[in-house]
Amino acid sequence: MLRILVQENDFDAGTELAGLQAEGVGGIASFIGTVRANANDNPPLAALYLEHYPGMTERALSKIAEQAAAKWPLKNCTIIHRVGRLLPGQNIVFVGAASAHRQAALSATAFLIDWLKTSAPLWKREDFTSGPSLWVPARTADDNAAEKWSNL
Amino acid sequence: MRILYFAWLREKIGTAEETLDLPPQVQTVGALVAWLKTRDAGHAAAFADQKLIRCAVDLEFATAEASILGAGEIAFFPPVTGG
């Protein structure tokens, strides 16, 4: 079962992990992305603002989850991406995968987070404690991380 | 044609959405970008560096060569930075 959510509200990781359990599951892997308080040489972060494309974002995340389910024998898969204004330390994204064995769950989780960074329509803006806000530029390293899965 | 803008494209253009009547010769994403750039200074600034522009036609990622004939909704945005 694929569970895809784009929401302003926080998620409860414990509840989400429990929800991934199912008959035949022997391994559950997950990743949680959170807001870093300070980035590189920039002033301290006041908040991270996440913008999305309603309709397309959910669709793109569903497609990524379907690709993971086609590559690995997953029993369950969850992606929750928060949008709106998020404070340092708060959750941004939850990715979880459940399978009969650990390798599929771990690999699928890494694949999901790498791919959603490069192919889901979401944009981060950093609002600092002083000075103008900054839209985060895309990172080549993220493209490379996602690309490595195409060679499997 | 309904055209949407996100992130800094939205800020530079000054609107999240506009509905425009396109001239008949504008039939691809690339031709639409070229035409939009001529509209005003905001559009010209937003589309100045085309390497930084991504597009979706009816909720699917599309390239500059993609046809927009019959499309209902076209969106322009910077490279994505979620996760």
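If you're wondering where the values come from, they're calculated on a predicted model, not measured in any experiment. In what follows, every chain begins at residue 1, and chains take the letters A, B, ... in the order their sequences are listed.
With a 6.0 Å cutoff to the six-membered ring centre and a 45° limit on the axis angle, A:Arg125 counts as a cation-pi contact of A:Tyr49.
Of the atoms belonging to B:Glu11, it is side-chain heavy atoms, and not backbone ones, that fall under 4.5 Å from chain A. B:Arg54 does not touch chain A: none of its heavy atoms, backbone or side chain, sits under 4.5 Å away. Only the side chain of B:Leu4 comes within contact range of chain A, with heavy atoms under 4.5 Å apart.
In terms of heavy-atom pairs under 4.5 angstrom with chain A, the leader among B:Pro78, B:Pro79, B:Ala75 is B:Pro78. Of the listed residues A:Lys117, A:His52, A:His81, the one with more heavy-atom pairs under 4.5 angstrom with chain B than any other is A:Lys117. Among A:Ala138, A:Gly55, A:Gly33, A:Pro137, the residue making the largest number of heavy-atom pairs under 4.5 Å with chain B is A:Ala138.
In summary, the aromatic rings of A:Trp72 and A:Phe111 are positioned with their centroids under 6.0 Å apart. Ring centers of A:Phe94 and A:Phe31: at least 6.0 Å apart, outside the cut-off.
A:Thr34 and A:Asn91 share no donor-acceptor pair across their side chains, judged by distance under 3.5 Å alone.
Classification of the A:Trp123-B:Phe6 ring pair by plane angle, with boundaries at 30° and 60°, yields parallel.
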